[in-house]
Q: 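Take this structure first; my questions come after.
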Amino acid sequence: MSYKIGIMGATGAVGREIIEVLSNRDFPVEELRLYASQRSAGKVMETPFGEITIENADMVDYSELDIAFFAISGSWSKANARKATDAGCYVIDNSSAYRYDDNVPLVVPEINAHAIGDSKLIANPNCTTAIAAIPLYALHKEYGLKKVIISTYQATSGAGAAGMNELINETRNYLEGKEVKNEAFVHPIVFNTIPHIDSFQENDYTREEMKVVWETHKIFEEPDIPISCTCVRIPTLRVHGESIVIETEKPISPASARKLLASVEGVELKDDIENNVYPMPLTATQKCDVEVGRIRQNIVFGDHGLEFFICGDQILKGAALNAVQIAEKLELN
Ligand code: 2RA
């Protein structure tokens, strides 16, 4: 059996990556249709499935599709998702529009594929959450998470192709002594770090930081684990790094955690400090697995505490790969 697939937002960084992932994972595609704004409609895209003419995303007949990947904006998803599911099409939504809706499953397939049930609309988590969830859930199952504190080092790809281009252009302009103009980020990102991603909330955390809390609770089905996060944008292209400190219910040692994590689907253990091997954006780029390393006993929580660093490709596990993995779990007729 193969399926009619639509990608909404096909010209964006995530949309383009979904096309590649569908091809790399041999997803059974009968027909691939690409959609974007009116501005891009009519242009032709080279894809592993051949040349495809982009169609206007506001003119879709969803009854002609089995699965639609939404990689546009939250407001666009809100306006279109139910239209699509009412027409019998599955929607995998990459925006935050439905992530916190109790009636819509939020899924990392390695963890909670069961949550999909018979829902035709499935939300894909925020990249920062999805990447951290892979090692964290395995540690939670084995040792019980009592507290989680995360600090992130997020790539410009989080703001899409515009964010990546801004880093490249600002760097070029800076080195050529030209004026550096920022648009995608609230400050210049070249030679800078910005502790501000998404909007500030009433509690002075940003929405990006609270997404990690809300989404991890929902995916783990554990609403009471205390989680805190600080999200920082750094001048890298497409991999998010995260420093994670956990306090656990049961005693935990770096050796036992390493042994466990080495066997977890979606984790690549990179933890050999003698040889300077640890997770880095340069090595995690274009990788499906999340690199995990710098595993050590946390000196605050002692034998109930662990500290480690992870790097995950924001466009892959943080978006496109997770979305396609969700599609692989759908029970399509
Ligand atoms: C970011 N997490 O990195 C966001 C993208 N979804 O900006």
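Whatever order the structure lists them in is the order used to number ligands and atoms, beginning at 1. This chain uses plain numbering: 1 for the first residue, then up along the sequence.
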Q: Is the positively charged end of Lys211 above the ring of Tyr205, judged by distance under 6.0 angstrom from the centroid and angle within 45° of the axis?
A: no

Q: Should Arg296 and Glu307 count as an ion pair when the cut-off is N to O under 4.0 Å?
A: yes

Q: Within ligand 1, which atoms have a heavy atom of Gln154 less than 4.0 Å away?
A: 1 (C), 2 (N), 3 (O)

Q: Are any of the N or O atoms of Gly158 closer than 3.5 Å to those of ligand 1?
A: yes

Q: May I ask whether Arg233 has any heavy atom positioned less than 4.0 angstrom from an atom of ligand 1?
A: yes

Q: To the nearest 0.5 Å, what is the distance between CD1 (Ile227) and CG (Asp224)?
A: 10.5 Å

Q: Verify whether one side chain among Glu221 and His114 offers a donor that lies under 3.5 Å from an acceptor in the other.
A: yes

Q: Near Ile197, which atoms of ligand 1 are under 4.0 Å from a heavy atom of that residue?
A: 7 (O)

Q: At their closest point, which heavy atom of Thr156 faces which heavy atom of Leu237, and how far apart are they?
A: OG1-O, 3.5 Å

Q: According to side chain to side chain donor-acceptor pair (under 3.5 Å), does anything in residues 242-252 pair up with another residue at least two apart or in another chain? List the pairs.
A: Lys147-Glu247

Q: State the atoms of ligand 1, each with its element, that fall below the 4.0 Å cut-off from a heavy-atom position in Cys127.
A: 2 (N), 3 (O), 4 (C), 5 (C), 6 (N)

Q: At under 4.0 Å between heavy atoms, is it the side chain or the backbone of Asp198 that contacts ligand 1, or both, or neither?
A: neither

Q: At a 4.0 Å threshold, what atoms of ligand 1 neighbour a non-hydrogen atom of His240?
A: 3 (O)

Q: Can you list everything that forms a side-chain hydrogen bond (donor to acceptor under 3.5 Å, both in side chains) with Glu328? Sequence neighbours excluded, please.
A: Arg25

Q: Going by the order shown, which atoms of ligand 1 are within less than 4.0 Å of some heavy atom of Asn126?
A: 2 (N), 4 (C), 5 (C), 6 (N)

Q: Show which atoms of ligand 1 fall inside a sub-4.0 Å distance from at least one heavy-atom site of Glu208.
A: 1 (C), 2 (N), 3 (O), 4 (C)

